[in-house]
Amino acid sequence: MIKYLIEKEFKQIFRNLIIPKIIVALPLMAMLVFPWAANHEIKNINVDIVDNDHSAYSKRLINKIAASSYFVLSCVSSDNAEALKNVESGQTDIILEIQPDFEKHLTVERIANVMISANGVNGMKGILSASYMSGIVDEFASELNSEQISTAANRPTINVVPHNLFNVFMDYKVFMLPALIVMLLTVICGFLPALNIVSEKESGTIEQINVTPVGKFAFIISKLIPYWLIGFFVLNFCLILIALVYGLTPAGNIFTIYFFSAVYILAVSGIGLVISNYSENMQQSMFTIFFFIIVMILMSGLFTPVASMPQWAQNITIINPLKYFIQVMRMIFLKGSAPPHLTEQFATLCCFALIFNIWAVLSYRKCK
Amino acid sequence: MKDLIVKCFNISKSYGNIKALTDINLNIEKGELFGLIGPDGAGKTTLFRIMASLILADSGSAFVDNLDVVKDYKALRRHIGYMPGRFSLYQDLTVEENLIFFAKIFNTSIKENYHLIENIYKHIEPFKNRMAGKLSGGMKQKLALSCALIHKPSVLFLDEPTTGVDPVSRKEFWEILGKLKAQGITIIASTPYMDEANLCDRIALIQHGKILSVETPQKITAAYGKKLYRINAADNFALLTQLRGNPEVASCLLFGGYLHVTFKNDADTSIPNLEITEPSVEDCFIELMTKSND
């Protein structure tokens, strides 16, 4: 009996004019476009330099900034007021003001001041560009130090060379891609089941099914399995795309990924089915699943690390299945973690899958 | 007395403050073509859904084919065919796929019970590869009936099967029901159309969640207490107002091209063209309705 129910679901899905196309288009979009758009690296920062010194040292500093790949020297203003106007008009993102007698202070007192003012309207961009800028200034200072090392007394210097484990070049895409797969699985395997049962309610077909001997359990299983298979298709499609386009293959075992995905898809589909059971029409169900998915994505650590959230927000993320699966995917992809390191996440995801699917079976009522 | 296949005892159901059904007692015999006649909102669909185990009554009990609709609902569903008022098959599956699907989930096959649906299905078989959603109203009803019959139910519940169907298809549909009855299936159909009442073996008139009368259509019309006259004129509406102003007239109602008139005492012979006529089920229903409203 379940076989025929599932067969019917697939016929309906493939006859739908839009759903099969979206199932293919969404992974393409997410894998090929999002990683480039959702990038925390900031480039092409317009810098305005107010040089009050016009010395050899200040020229050197300016050249150094202009040579960096982050900054574009947009203009040189004569004073700070003029530079601020440029910020207001949007031509400039950051101002570097060099004090008068910069060179003299450097050579005589060995201390000189520069002022960095960044446009904070886009906070992220402001903070990052200011820190890039101070990085360059620091570099310039240590250059000067090493040049003078012969003249001054042997001053010990410590060079910090950072080495980034697991993602050596701190490539943002490597970090985002595994999480984007999770986001995709959540959207596809959460939305479609949420709309499914409620669409049977809207079209009235549920009335006809309800007078048949099809039981609750069989009915819910027949709704789950198609999305489970679609989820696997999407997962494989993404893994192939990532390997072909970015040359990124999971450091860990691919079967660990399959294993966790199997549990995770059940959990999100379960959420979708529960929402579908409680909704009376498509609008309600669409809106509800949208609400939950947005909250889940924003509180999952997909874009911002969970550890940097305030404690109360971190407490909310405990009940977010997305958080655990993103952790798992990043750990498998980047660190090559094996199941023994992921038992906590596995247990939690299993709990979610069980709770939501039992809830879905129980909340599906034939008799009102 | 014949075997009873449907028994309802004191069934009541309310939705919030609205009483949909009050103390319904109903017995339906095996092999009957039973009509549930009443206007929209009378409680016909609610009663059907209770009998088909889709909703629970607040109080009272019901048995279909000796199965309790609450306790034995699982077994019951193999014995009944239910056709909701709204077309509720899969519109994105073809005619044939719908039929196969419903046969399969009842663990049977089209072949096994083809004799039951043959008369109906042959009308739509030429369109078996068409999506069910793209069928005309009459064809949709035939497909829905085929799907409700495919597991050989002993009782068929048809909730307003002819609403929204053209007069020719309506007539055809009732002919089909007659043939099904001949095959021994008990059929319970609801309808707001009084003219269809005469095609049933027995009818129940239902209004405001109460059953006013359960009888054969002949007995119901025979029980009409008054003499009924009919009259028509070029301007029926002007005549209607005029007659209603007449103190001798008890009731005057428009029925198609005629006015049906009853008098408090004897007929007012001064009215021209007045002729005596047989009461229809609708006349009786309106009389019962006014009585129960009083």
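In what follows, chains carry the letters A, B, and so on, assigned in the order in which the sequence lines appear, proteins first and then strands, with residues in each chain numbered from 1.
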Residue pair A:Glu207, B:Arg86: steps toward the side chain to side chain contact (heavy atoms under 4.5 Å, CB included) verdict:
CA-CA 10 Å; A:Glu207 282 276 274; B:Arg86 193 168 141 216; over 6 Å; no
Would you name the heavy atoms of B:Ile105 and A:Pro213 that are closest together and state the gap between them?
O-CD, 4.1 Å
Within a radius of less than 6.0 Å around CG of A:Leu32, do more than 12 heavy atoms belonging to other residues, nucleotides or ligands occur?
yes
Of the listed A:Ile206, A:Thr205, A:Leu5, the one with the largest count of heavy-atom pairs under 4.5 Å with chain B is A:Thr205
Surrounding OH of B:Tyr114 (heavy atoms of other residues, nucleotides or ligands, distance under 6.0 Å), is the total greater than 12?
yes
Under the criterion side-chain hydrogen bond (donor to acceptor under 3.5 Å, both in side chains), I'd like the reasoning laid out for A:Glu200 against B:Tyr90: C-alpha separation, chi angles, the key distance, then a yes or no.
CA-CA 9 Å; A:Glu200 292 224 19; B:Tyr90 292 97; 2.6 Å; yes
Between A:Gln208 and B:Phe87 (side chain of the first, backbone of the second, donor and acceptor by atom type, cut-off under 3.5 Å), is there such a pair?
no
Considering residues, nucleotides and ligands other than A:Phe259, do more than 12 of their heavy atoms fall under 6.0 Å from its CZ?
no
Does any backbone or side-chain atom of A:Ile2 lie under 4.5 Å from a heavy atom of chain B? Answer side chain, backbone, both or neither.
neither
A:Arg15 side, atom CZ; B:Leu93 side, atom CG - distance, nearest 0.5 Å
5.5 Å
Stepwise side chain to side chain contact (heavy atoms under 4.5 Å, CB included) check, B:Asn107 with A:Tyr4:
CA-CA 10 Å; B:Asn107 241 329; A:Tyr4 297 105; over 6 Å; no
Decide if atom NZ of B:Lys19 counts as having more than 12 heavy atoms of other residues, nucleotides or ligands within a radius under 6.0 Å.
no
Looking only at atom types and distance, does a side-chain atom of B:Arg77 sit under 3.5 Å from a main-chain N or O of A:Asn210, one as donor and one as acceptor?
yes
How far does CD1 of A:Ile209 sit from CZ of B:Phe102, to the nearest 0.5 angstrom?
5.0 Å
Does CZ belonging to A:Phe255 count more than 12 external heavy atoms closer than 6.0 Å?
no
Smallest separation among heavy atoms of A:Val211 and B:Phe106, with atom names:
O-CZ, 4.0 Å
Quick check: closest heavy atoms across B:Ser88 and A:Gly204, and the distance to 0.1 Å?
CB-O, 3.0 Å
State whether the number of non-hydrogen atoms from other residues, nucleotides or ligands found under 6.0 Å of A:Leu244 atom CG is greater than 12.
yes
